[in-house]
Structures are given as structure tokens and as C-alpha cells.
Amino acid sequence: MCSRRAWFAGLALLTAVWLASAPAVYAATATATATASVWAALTITKSTDLSFGVVSVGTTGGTVVVDTAGARTTTGDVVAEGGTVSAASFSLTGEPSKTYTVTLPTSASITYTDAAGTVYSMTVDTFTSSSASGTYTLDASGNDTLYVGATLNVAGSQQKGDYSGTFDVTVEYQ
């Protein structure tokens with residue numbers, strides 16, 4: 001005869017074996033697919049600087065506007081005197097036929113420092129880009145050219161000199 005202890009030990013062993021071999025009632029498995037698309041990086045390279053050319057100014061000041069086609073106009077007491085005038089231009093490369101957005105600065109400063117170390121400045125603002133609709137698309141080869149114009153604000157009796165400064169243009173896929 002088996003002892004009661006041995007009987008319970010056998011029952012426990014039999015239960016453990018049965019549980020280990022029983023199918024999992026609450027387990028379920030599903031499979032998902034992971035995907036990704038990798039596009040060519042969108043790059044922008046400056047081709048031409050924005051140049052307002054040579055101007056003279058009287059006592060009241062005014063503006064010099066260079067449009068995206070590189071045409072210059074003046075207002076107020078500012079006179080166009082010649083020099084090289086150009087819209088800024090940028091070469092873009094990226095994923096063929098994809099659209100992108102352009103972010104232009106709200107303003108920038110150009111400066112001139114005289115021999116005594118005095119710094120003079122003018123503000124460049126009202127930046128414009130070559131797409132009136134704001135929509136830009138790379139061509140079938142993944143290229144585009146972006147043109148940027150702006151307005152130079154010239155103070156009355158602005159200090160003469162060669163002024164320069166930089167501004168940033170940012171592009172991003174839509």
C-alpha cells in the first residue's frame with residue numbers, strides 16, 4: 001500500500017506533467033511587416049550671392065529691391081549707380097519629382113566697419129523666392145534652382161562703404 005504522502009506526491013507529479021504538455025489556451029501570435037522608405041538627402045548649395053549693386057543715397061534714404069529675376073528698383077532718395085546686381089540662386093538636389101518647402105529669413109543685417117573700427121549696418125528684409133505659389137518640386141532628375149530676392153533698407157546719409165552679411169535659406173521635403 002502506498003502512503004498518503006506518496007499518493008499526493010504522485011498526483012502532484014502527474015498534474016505537473018499534464019500542465020506542461022497542455023496547449024496554451026490564452027496565447028496567440030500575429031506577424032506584422034516593418035517598412036521604410038529612404039529618399040535621397042535634400043541638399044542646397046549657393047550658386048550666386050544676392051547683390052544690390054552700387055547705390056548712392058541722399059539725406060532721406062529709401063530702399064533697393066532686387067527681385068527673384070535679378071532686376072533692381074529703388075525708392076526714396078536712393079539712386080542705382082551700377083555695379084553687379086543679382087538675385088541669390090541656390091542649386092537643389094534630392095529625390096526626383098518630390099515637393100519641398102522653403103524657409104526664408106525675416107531679416108538680415110549687412111555691415112561695414114571703417115578704418116576707425118566703427119560698425120555701420122543696413123537691414124535686408126522682405127525676402128522673396130522664385131515660386132509665387134510657394135510650391136516647389138524637384139525635376140525628374142531630382143534637381144531644381146531656387147532664386148531669392150530681398151529689400152535693402154538704406155538710411156538717409158548712410159555711411160559709404162562695402163557692406164556684407166549672410167542669411168540662411170532652409171529647404172525641407174513636404
Side-chain angles (χ1 to χ4, degrees), residues 28-58 60-113 119-156 158-174:
T29 302
T31 301
T33 302
T35 64
S37 296
V38 178
W39 288 2
L42 181 59
T43 62
I44 181 170
T45 305
K46 185 230 5 164
S47 302
T48 307
D49 287 315
L50 174 62
S51 177
F52 293 96
V54 178
V55 298
S56 62
V57 62
T60 60
T63 64
V64 182
V65 177
V66 174
D67 67 17
T68 58
R72 173 177 61 183
T73 57
T74 61
T75 66
D77 200 12
V78 177
V79 177
E81 300 291 353
T84 301
V85 177
S86 62
S89 67
F90 300 88
S91 297
L92 285 85
T93 58
E95 192 68 20
S97 304
K98 296 300 180 191
T99 59
Y100 63 94
T101 59
V102 174
T103 303
L104 300 172
T106 54
S107 68
S109 181
I110 60 175
T111 61
Y112 162 70
T113 305
V119 178
Y120 301 91
S121 66
M122 291 188 282
T123 300
V124 179
D125 58 15
T126 318
F127 286 85
T128 59
S129 61
S130 49
S131 174
S133 69
T135 302
Y136 305 87
T137 304
L138 298 171
D139 67 16
S141 298
N143 300 305
D144 198 13
T145 301
L146 174 69
Y147 297 94
V148 174
T151 299
L152 174 65
N153 298 279
V154 184
Q158 182 76 43
Q159 176 65 34
K160 69 177 187 170
D162 294 324
Y163 290 74
S164 67
T166 61
F167 63 93
D168 293 330
V169 175
T170 303
V171 294
E172 184 177 7
Y173 284 122
Q174 283 189 328

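From a predicted model like this one, the values you see are computed outputs, not experimental measurements. Numbers for residues simply follow the sequence, beginning at 1.
With sequence neighbours excluded, no residue forms a side chain to side chain donor-acceptor pair (under 3.5 Å) with Thr128. With sequence neighbours left out, the side chain to side chain donor-acceptor pair (under 3.5 Å) criterion links Ser51 to no other residue. In terms of the ring pair (Phe, Tyr, Trp, His ring centres under 6.0 Å) criterion, Tyr120 has no residue partners (sequence neighbours excluded). Applying the side-chain contact (heavy atoms from CB on, under 4.5 Å) criterion to Thr35, with sequence neighbours excluded, gives Thr33. Checked against side chain to side chain donor-acceptor pair (under 3.5 Å), Ser47 has the following partners two or more places apart in sequence or in another chain: Ser91. The side-chain contact (heavy atoms from CB on, under 4.5 Å) test applied to Val119 returns Thr111, Thr113, not counting sequence neighbours. Shown here are the ring pair (Phe, Tyr, Trp, His ring centres under 6.0 Å) partners of Phe90, two or more places apart in sequence or in another chain: there are none. Applying the side chain to side chain donor-acceptor pair (under 3.5 Å) test to Tyr147 and every residue at least two apart in sequence or in another chain returns nothing.
With respect to Asp125, the side-chain hydrogen bond (donor to acceptor under 3.5 Å, both in side chains) criterion is satisfied by exactly one of Thr63, Thr151, Asn153: Asn153.
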Worked verdict on Val65 versus Thr75 for side-chain contact (heavy atoms from CB on, under 4.5 Å): CA-CA 8 Å; Val65 177; Thr75 66; 5.6 Å; no
Determine, stepwise, if the pair Val124 / Ile110 fulfils side-chain contact (heavy atoms from CB on, under 4.5 Å). CA-CA 7 Å; Val124 179; Ile110 60 175; 4.0 Å; yes
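Within the 4.5 Å cutoff, the side chain of Val148 has heavy atoms near those of the Phe167 side chain.
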Throw together a table of side-chain donor-acceptor distances under 3.5 angstrom for residues 92-107, partners on residues two or more places apart or in other chains.
from, atom 1, to, atom 2, distance (Å)
Thr93, OG1, Thr43, OG1, 2.4
Glu95, OE1, Ala40, N, 2.8
Thr99, OG1, Gln174, OE1, 3.1
Tyr100, OH, Asp144, OD2, 2.5
Thr101, OG1, Glu172, O, 3.3

Would you mind writing out the side-chain donor-acceptor pairs for residues 80-89 within the sub-3.5 Å range, not counting sequence neighbours?
from, atom 1, to, atom 2, distance (Å)
Glu81, OE2, Ser56, OG, 2.7
Ser86, OG, Asp49, O, 2.8
Ser89, OG, Thr48, N, 3.3
Ser89, OG, Thr48, OG1, 3.0

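Evaluation of the side chain to side chain donor-acceptor pair (under 3.5 Å) test over residues 159-171, restricted to residues two or more places apart or in two chains, returns Gln158-Tyr163.
At distances below 3.5 Å, at least one donor-acceptor pair connects side-chain atoms of Arg72 with backbone N or O atoms of Phe52.
Residues Ser130 and Thr145 come closest through the heavy atom pair OG-O, 4.2 Å.
In this structure, the separation between OG1 on Thr74 and CG on Leu152 is 11.0 Å, given to the nearest 0.5 Å.
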